[in-house]
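Reminder, nothing fancy here: chain letters follow the sequence lines and each chain counts from 1.
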Amino acid sequence: MAVAYNKRTHSCGELRTSEIDKTVTLAGWVNTSRDHGGMTFVDLRDHEGLTQLRFNPQLGSAHGVARTLHNEDVIAVTGRVVSRGEFVNAKLATGEIEVEVNDIEVLSRCDALPFQVHDKIDTSEELLLRYRYLHLRRPEVQKVFRMRHTIARAIREYFHDNRFIEIETPFLTKSTPEGARDYLVPSRVQPGSFFALPQSPQLFKQLFMIAGFDRYAQIVRCFRDEDLRADRQPEFTQLDMEMAFVERDDVMTMVEGCVQRIFKDALNIDVPVPFARMTEQESMDRFGIDRPDTRYGMELQDVSALMKDVDFRVFRNALDGGGVVKCLVAPGGAALTRKVTDGLTEEIKGIGGTGLPIVKVIEGEKGIELSTGVAKFLQPIAVKLCEQVGASVGDAIFFMPGTFADVSKYLHYTRTRLATILDVIPKNRWDLLWVVDFPLVVWDEDAKRWCSTHHPFTAPIDEDVAMLDTDPGKVRDKAYDLVLNGTEMAGGSIRIHQREVQSKIFRLLGISDEEAKEKFEFLLDALRFGAPPHGGIAFGLDRWVMLLSGSQSLRDVIAFPKTQRAICPLTNAPGTVSDAQLDELFLTVKPLPKK
RNA sequence: GGGGCCGUAGCUCAAUUGGUUAGAGUACCGGACUGUCGAUCCGGAUGUUGCGGGUUCGAAUCCCGUCGGCCUCGCCA
């Protein structure tokens with residue numbers, strides 16, 4: 001029996017007792033069905049919800065069809081809304097009513113499923129991705145993408161309301177030095193030449209400012225060919241924005257308003273502004289990382305001075321070598337088992353460290369004593385140590401000797417692991433923090449040259465410019481990173497708008513005048529023709545959706561993501577191409593090296 | 001490139017820690033049943049234990065390699 005599925009009267013989530021006795025047409029997927037031989041029930045699902053259908057054997061042929069249904073068959077029905085009487089299902093929004101079906105049309109049958117759509121059970125992620133359209137049918141998965149839309153819409157509306165305009169930038173563009181590895185696209189018309197997919201529209205948006213658009217914002221795809229992580233995909237989406245005639249505070253204030261709007265629309269939460277600010281130096285000192293999670297304590301503490309008098313060679317060597325000894329106090333850490341602390345030590349070794357010295361603070365016969373691990377070396381300064389770092393009986397202290405960079409890395413790792421192990425991260429807390437005053441450049445020991453902390457177009461702080469020639473490592477930049485609960489959510493800066501400064505930075509970074517001309521001539525040219533002071537920021541849209549939706553992985557908020565090996569289990573991309581395609585591009589593929 | 005966790009029926013998991021015929025739930029197939037809502041009940045079919053090799057009288061279990069998934073360091077201006 002044909003049913004007018006193109007004339008649905010309601011969605012599957014909206015019928016209530018007020019619609020009783022109305023004749024309705026619904027369409028959707030069979031979520032589950034229950035066949036009693038006589039009376040048969042089907043839960044019909046669409047994007048709005050579930051409605052129970054009742055098939056009465058005394059009401060014509062529909063009942064016979066209903067008995068043949070399987071999960072995920074697609075059907076359309078017409079019937080009368082009736083009260084469930086005493087059989088109300090409180091779990092369903094539509095649970096007070098059901099639809100007594102007169103006519104049913106099976107629009108599409110479903111084969112045996114690789115996994116059940118109505119289950120909440122997660123099978124292997126690879127299978128979920130291979131049949132991603134089935135996974136996406138699940139209401140809780142769809143909810144994430146509806147939130148993604150809400151966030152994207154909030155962003156667009158916010159910037160539109162603030163007189164920004166959205167302009168598209170090219171995907172087929174030019175490979176530039178510095179930064180991540182590029183995804184390349186061969187040119188057929190220019191054999192031997194390659195486009196690069198943009199890592200971000202950075203230079204184009206600067207050109208928009210020079211062009212006089214004043215305020216630009218775009219939600220745009222970016223591409224970086226680097227190894228994947230839970231929070232890194234080769235293609236991802238940014239909110240990219242830029243403003244002319246601004247200083248740092250202007251951009252940061254504009255962003256704070258946007259973040260407020262996102263939280264309001266997505267979670268109905270009011271976040272206070274302005275956000276906290278911290279210099280990069282303070283962040284490194286206190287947390288060992290430039291994107292600190294400030295929801296909990298266990299901050300890093302420098303105990304180098306205290307350790308000068310301690311006869312412990314591991315610490316001594318670090319200090320003599322110009323390094324530091326830092327520690328963090330884990331409240332209640334004395335209760336950690338040997339298995340846990342040894343496990344942490346192994347993890348530290350796994351990321352390149354040599355160990356993780358620990359002591360536990362206990363109540364001894366003469367007061368505070370240290371036990372386990374490196375206690376015997378530190379016992380002479382036990383009282384002084386505990387006093388200085390604020391440790392008391394029942395705590396554990398984890399130490400790390402070495403260079404500032406190594407100590408920061410390993411203690412930051414330790415701190416985040418302990419936060420999970422000791423379960424000290426407050427729920428439902430959103431710590432928004434600006435990190436500012438990064439060093440403009442850092443010395444790359446391997447490459448023997450200066451590298452940009454952010455990118456080569458970041459402006460130095462005015463009073464530090466003089467040090468560009470004398471002490472580049474001391475120059476701070478006009479960048480600002482926005483951190484949420486320890487995750488970098490956005491990064492931006494005031495840009496260089498003076499050609500001489502830009503040239504100077506290129507030279508500092510070891511980019512020759514010839515290379516600068518080849519790669520960036522268009523930018524240097526543009527800077528000659530009246531560039532306004534300008535600055536902006538880019539948000540990782542996927543990360544915002546991930547954090548606000550409580551997702552564990554970026555893959556959960558991207559409709560068709562790649563696996564860790566950067567392949568798509570759904571399409572099997574990337575794949576080989578025909579010789580004819582290669583010939584057109586004048587390309588040959590080298591054989592893989594033998595192992 | 002390095003470190004770690006995982007891989008048993010379509011799916012989720014078990015298998016007394018090396019012991020003989022690899023089980024259960026669910027999905028699937030057949031049947032019963034007029035108020036269920038994870039329906040229930042009866043019956044049936046379903047395995048290259050990821051793959052390859054090794055140790056052993058005997059391997060899902062131990063070892064080596066390999067493939068795949070995930071976490072992570074490097075990398076990601």
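- A:R417 has its CZ atom 10 Å from the C1' atom of B:C71, to the nearest Å.
- Within the structure, a side-chain polar atom (N or O) of A:T32 is placed less than 4.0 Å from OP1 or OP2 of B:A39.
- A donor and an acceptor atom sit less than 3.5 Å apart, one in the side chain of A:Q58 and one in the base of B:U34.
- Here the P atom of nucleotide B:G10 and the CG atom of A:L134 are 17 Å apart, to the nearest Å.
- Rounded to an integer number of Å, the gap from A:R565 CZ to B:C70 C1' is 13 Å.
- Pairing partner, B:A22: none, since no Watson-Crick or wobble contact has both distances short of 3.5 Å.
- Within the 4.0 angstrom heavy-atom criterion, only backbone atoms of the sugar-phosphate kind lie near A:D43; the bases stay farther away.
- Atom CG of A:L344 and atom P of B:G4 are 16 Å apart (whole Å).
- The residue among A:F457 and A:L129 whose nearest nucleotide of RNA chain B lies closer to the 5′ end is A:L129.
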Verdict with reasoning, A:R415 to A:H412, per side chain to side chain donor-acceptor pair (under 3.5 Å):
CA-CA 5 Å; A:R415 178 174 177 265; A:H412 163 253; 5.9 Å; no
Take A:D477 and A:T458, measure what side chain to side chain donor-acceptor pair (under 3.5 Å) needs, and give me the verdict at the end.
CA-CA 7 Å; A:D477 68 13; A:T458 306; 5.0 Å; no
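- Base engagement by A:Q564 is indicated by at least one non-hydrogen atom pair under 4.0 Å involving a base atom.
- Phosphate proximity of B:U34 to A:H63: absent, as no side-chain N or O sits under 4.0 Å from OP1 or OP2.
- Salt bridge A:R221/A:E235: present, at least one basic N to carboxylate O contact under 4.0 Å.
- Note on A:R109 versus A:D73: salt bridge recorded, some NZ/NE/NH1/NH2 to OD/OE distance being below 4.0 Å.
- B:U16 and B:U61 are spaced 12 Å apart, taking the P atom of each and rounding to whole Å.
- In this structure, A:D225 reaches neither bases nor backbone, as no heavy-atom distance under 4.0 Å exists between it and the strands shown.
- Evaluation of A:H36 against the base of B:A39 yields a stacking contact (centre distance < 5.5 Å, interplanar angle < 30°).
- The residues A:D43 and A:R34 are annotated as salt-bridged, a charged nitrogen and a carboxylate oxygen being separated by less than 4.0 angstrom.
- Backbone-only engagement by A:E126 is indicated by non-hydrogen atom pairs under 4.0 Å involving sugar-phosphate atoms exclusively.
- Within the 4.0 Å cut-off from OP1 or OP2 of B:C71, at least one side-chain nitrogen or oxygen of A:R555 is found.
- A salt bridge links A:E346 with A:K349: the distance from a Lys NZ or Arg NE/NH1/NH2 to an Asp or Glu carboxylate oxygen falls below 4.0 Å.
- Residue A:A112 has its side chain nearest to B:C28 when only B:C71, B:G74, B:C28 are considered.
- Heavy atoms of A:P114 sit under 4.0 angstrom from primed sugar atoms or phosphate atoms, though from no base atom.
- Regarding contacts with the backbone of B:C76, every side-chain N or O of A:Q199 stays at 4.0 angstrom or more from both OP1 and OP2.
- The OH atom of A:Y183 sits 13 Å away from the C1' atom of B:C75 (whole-angstrom rounding).
- Under the stacking criterion of a centre-to-centre distance below 5.5 angstrom and an interplanar angle below 30°, A:F41 sits stacked against the six-membered ring of B:U36.
- The nearest whole Å value for the distance from the NE2 atom in A:H118 to the P atom in B:G38 is 9 Å.
- Taking the six-membered ring for Trp and the full ring otherwise, A:F41 and A:F87 have centroids separated by 6.0 Å or more.
- Taking the C1' atom of each, B:G44 and B:G53 are spaced 38 Å apart, rounded to whole Å.
- Separation of the P atoms belonging to B:C6 and B:A15 is 14 Å when rounded to the nearest angstrom.
- Distance check on atom P: B:U8 versus B:U49 gives 11 Å, rounded to whole Å.
- Distance noted for atom P between B:C63 and B:U55: 15 Å (whole Å).
- For the pair A:D231 and A:R543, the salt-bridge criterion is met [side-chain N within less than 4.0 Å of a carboxylate O].
- B:A27 and B:G38: their C1' atoms are spaced 13 Å apart (whole Å).
- Distances were taken from every side-chain heavy atom of A:K409 (C-beta onward) to each of B:U36, B:C71, B:C73; the shortest belongs to B:C73.
- Searching all strands for a Watson-Crick or G-U wobble partner of B:G7 with both distances below 3.5 Å returns B:C67.
- If you check B:U72, B:G74, B:G69 against the side chain of A:A230, the one that comes closest is B:U72.
- Base contact: A:S200 has a heavy atom under 4.0 Å from a base atom.
- Across B:C11, B:C33, B:C28, the shortest atom-to-atom separation from the side chain of A:L127 is found for B:C11.
- Checking the phosphate oxygens (OP1, OP2) of B:G69, a side-chain nitrogen or oxygen of A:T563 falls inside 4.0 Å.
- With B:U72, B:C70, B:C37 as the choices, the nucleotide that has an atom nearest any side-chain atom of A:F87 turns out to be B:C37.
- Comparing B:U72, B:G69, B:C76 by their closest approach to the side chain of A:R232 singles out B:C76.
- Considering only side-chain atoms of A:H70, the nucleotide from B:C76, B:U36, B:C28 that sits closest is B:C28.
- Judged by atom type and distance alone, A:R224 does not reach the base of B:C75 through any side-chain donor-acceptor pair under 3.5 Å.
- Spacing between B:G50 and B:A60 at atom C1', rounded to whole Å, works out to 12 Å.
- A:K349 comes within contact range of no nucleotide atom at all, as no heavy-atom separation falls under 4.0 Å.
- Atoms CG (A:D119) and C1' (B:U12) sit 8 Å apart, rounded to a whole Å.
- Comparing the P positions of B:U20 and B:A45 gives a spacing of 23 Å, expressed to the nearest Å.
- B:U8 shows a glycosidic angle more than 90° from 0 and is accordingly assigned anti.
- Listed nucleotides B:C76, B:U72, B:G69 differ in distance to A:E226; the shortest reach to its side chain belongs to B:C76.
- Residue A:K91 places at least one side-chain N or O under 4.0 Å from the OP1 or OP2 atom of B:G38.
- An OP1 or OP2 oxygen of B:A39 is reached within less than 4.0 angstrom by a side-chain nitrogen or oxygen of A:R34.
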Apply the test side chain to side chain donor-acceptor pair (under 3.5 Å) to residues A:D437 and A:Q281: give CA-CA distance (whole Å), side-chain angles for both, the deciding distance (0.1 Å), then the verdict.
CA-CA 8 Å; A:D437 291 357; A:Q281 185 64 55; over 6 Å; no
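- Across B:C37, B:U12, B:G10, the shortest atom-to-atom separation from the side chain of A:Q52 is found for B:C37.
- Across all strands, A:E488 comes closer than 4.0 Å to no nucleic acid atom at all (heavy-atom distances).
- The distance between atom CZ of A:R229 and atom P of B:C71, rounded to the nearest whole Å, is 9 Å.
- A salt bridge links A:R181 with A:E226: at least one charged nitrogen is closer than 4.0 Å to a carboxylate oxygen.
- Base pairing analysis places B:C37 opposite nothing; no Watson-Crick or G-U wobble pair with both distances below 3.5 Å involves it.
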